[in-house]
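Working notes, beginning with the structure itself.
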Amino acid sequence: MPNASDDLFTREDPIFSNKELLEINHLPGEGRIVGRDDEIANLATAVNPAIFGQSPSNVLIYGKTGTGKSLCAKYVSQRLVDTAEEEGVKATFAYVDCAQDTTETQAVQTIADSVNDPAITGIKVPDKGLSTSTYYKRLWRILDALYDVVLIILDEIDKLSDDDILMQLSRAGEAGKIAGCKLGVIGISNKIQYKDRMDERVKSSLCEREFVFPPYDANQLRDIMDARSDAFRNGVLDPSTIPRAAALAAREHGDARKAIDILRYAGEIAQSMGASTVKENFVTQARQRAETDRFRELIRGSTPHSRYVLQALAILSLSNQQQDGFRTSRVYEVYENICRQQGSDSLSLRRVRDLLKEHAFLDIIEQSKHSGGSAEGSYTKHQLLEDPDVVKDVLTEGVDV
């Protein structure tokens, strides 16, 4: 008698041949990095001295999400390590996701752990339990023991709680913390105004070179998706699917991550429907699903009132589509109405302000300061960066409204 599980799982995927190519964290090979030749060349020039064991320039990279900043920084860093080895120079790079490691202690522990080889150094870097200064001392010893040059990539650098680690890293050599090793920092931020809030001493050390990565246009997005099309089986992609996905993504955001997400979701929709090809009309469904899943992930674990505040902003955005942002007082009025409908006591205006700041920190909304003149004084406007339809749909899932 055949096992009942035989019919439960598909043994051969009719749509995908190598789905990993469509995962966000997949680092593509050289031939798959599209539309960033100039940016890669500029970045390589900035860090080029490291190949000869000299100090690379510190670099700050700006650009919206999904413009290839992290991808290019990792790629250039890996190429530098390989080329330096050919020159007899010991080099490595460390990558820190500052959205995850937001404190100085977490970030320096991640760096020290990733560059360490305890079999050679005899140094342990525990996950926690040491003071920040002890982590630094161990990091400096590791660097001098193992390397001539190290690049440190601080991704989403604007998420760090303060500038302290930037000060330590950018001045480690001149402060005599490291003797034989040269250190370079590549900071990456989605916020072009990030530099404005930097400590002046850090700014002078860290911002030796600055590069801006523009959003991808439709042609570049099409090339990016074409370069990953062998994630699918031969012949399953309708010829109009990638051009449609590229045009949609270019018009809305120029974000390669979202464009690749859309393509992957379109394939999954074809799979679930038992279709033999990934058709153009799946792209629109995929876009909605990608936006919904991304936003659902962003707000996972958030409190009810945090969600009510976003819901208020979504309601305002949908009913006033020509308006670019809403004052805190207006958001608060709608928020109070939602609380009444939910039978919940509303929080204070001050607490709602804090919740709005938290959403701005996560890039769900954008805040802008305005001056109303002597009569009104200054005020803040809040604008959703997410699709308000998606926000409203996700926040009202399973709720009677």
Side-chain angles (χ1 to χ4, degrees), residues 25 47 50 53 55-61 70 73-74 77 81 90-191 194-208 301 354 357-358 360-362:
N25 58 2
V47 299
S55 295
S57 295
N58 291 322
V59 177
L60 202 52
I61 303 173
S70 308
K74 287 179 182 176
S77 298
V81 170
K90 292 179 182 176
T92 193
F93 75 92
Y95 174 83
V96 182
D97 178 359
C98 300
Q100 184 175 313
D101 296 323
T102 56
T103 70
E104 180 184 16
T105 307
Q106 289 169 334
V108 73
Q109 188 278 332
T110 295
I111 296 165
D113 184 51
S114 67
V115 300
N116 190 25
D117 185 344
I120 297 174
T121 63
I123 298 170
K124 292 181 179 178
V125 184
D127 287 347
K128 52 190 174 184
L130 301 181
S131 67
T132 308
S133 63
T134 304
Y135 278 122
Y136 273 120
K137 284 171 187 170
R138 294 192 184 186
L139 173 61
W140 307 140
R141 282 165 53 208
I142 290 164
L143 295 182
D144 272 339
L146 296 177
Y147 304 106
D148 300 312
V149 184
V150 173
L151 276 179
I152 295 172
I153 302 171
L154 298 173
D155 203 352
E156 296 202 61
I157 194 172
D158 46 272
K159 298 287 197 288
L160 285 171
S161 53
D162 55 49
D163 290 344
D164 291 348
I165 191 169
L166 306 181
M167 180 74 76
Q168 291 281 353
L169 294 177
S170 62
R171 301 196 162 207
E174 66 183 78
K177 301 289 176 62
I178 44 179
C181 182
K182 308 294 184 187
L183 203 56
V185 178
I186 300 176
I188 302 173
S189 176
N190 298 335
K191 301 178 188 300
Y194 166 67
K195 193 175 75 165
D196 298 341
R197 67 172 202 249
M198 252 189 211
D199 182 285
E200 284 302 321
R201 292 167 300 168
V202 174
K203 199 183 293 185
S204 66
S205 299
L206 187 66
C207 305
E208 292 173 345
D354 291 340
K357 280 180 189 169
E358 287 172 21
F361 182 75
L362 292 171

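What you see below is based on every heavy atom in this structure, not just the backbone, and it leaves out hydrogens, waters and symmetry mates.
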_side-chain contact (heavy atoms from CB on, under 4.5 Å) assessment of V125 paired with I142_ = CA-CA 10 Å; V125 184; I142 290 164; 3.8 Å; yes
*Kindly determine whether L154 and L169 satisfy side-chain contact (heavy atoms from CB on, under 4.5 Å), including the steps that lead there.*
CA-CA 11 Å; L154 298 173; L169 294 177; 4.3 Å; yes
_Run the side-chain contact (heavy atoms from CB on, under 4.5 Å) test on V96 and I157 for me, step by step, so that the C-alpha distance in whole Å, both residues' side-chain angles and the decisive distance to 0.1 Å come before the verdict._
CA-CA 9 Å; V96 182; I157 194 172; over 6 Å; no
*Quick one: do Y95 and K74 satisfy side-chain contact (heavy atoms from CB on, under 4.5 Å)? Show the steps, please.*
CA-CA 8 Å; Y95 174 83; K74 287 179 182 176; 3.5 Å; yes
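With T102 contributing its side chain and A99 its backbone, the two residues share no donor-acceptor pair below 3.5 Å. Put simply, the side chain of Y147 gets close to the backbone of V115: a donor and an acceptor are under 3.5 Å apart. D148 places no side-chain N or O within 3.5 Å of a backbone atom of A91 that could act as its donor or acceptor partner. D144 contributes a side-chain N or O that, together with a main-chain N or O of A179, makes up a donor-acceptor pair within less than 3.5 Å.
Atom-to-atom distance recorded for N116:CG and T92:OG1 is 11.5 Å, nearest 0.5 angstrom. Distance check, rounded to the nearest 0.5 Å: CG of L143 to OG1 of T121 gives 10.5 Å. In this structure, the separation between CZ on R138 and CG on L130 is 4.5 Å, given to the nearest 0.5 Å. Note that CD of Q109 is 10.5 Å distant from CG of L139, once rounded to the nearest 0.5 Å. Distance check: Y136 OH to Q168 CD gives 4.5 Å after rounding to the nearest 0.5 Å. From N190, atom CG reaches atom NZ of K159 across 6.0 Å, with rounding to the nearest 0.5 Å.
When all heavy atoms of I178 and C181 are compared, the closest pair comes out as CD1-O, 3.2 Å. Summarising the geometry of C98 relative to E156, their closest heavy-atom pair is CB-O, 3.2 Å, with the distance given to 0.1 Å. Among all heavy-atom pairs drawn from G184 and P56, the shortest one is CA-CG, 3.6 Å. Nearest approach of I123 to P118, heavy atoms of both residues: O-CB, 3.6 Å. Heavy atoms only, all atoms of each residue included: S57 and V47 are closest at O-CG1, 4.3 Å. Residues G129 and Y135 come closest through the heavy atom pair N-OH, 3.9 Å.
Annotation: Q100, atom CD; neighbour count of heavy atoms from other residues, nucleotides and ligands within 6.0 Å does not exceed 12. Atom NZ of K137 has 12 or fewer heavy atoms from other residues, nucleotides or ligands within 6.0 Å.
With no hydrogens or angles considered, no side-chain donor-acceptor pair links T103 and S161 at under 3.5 Å. S170 and N58 form no side-chain donor-acceptor contact under 3.5 Å, judged by distance and modelled atom types alone.
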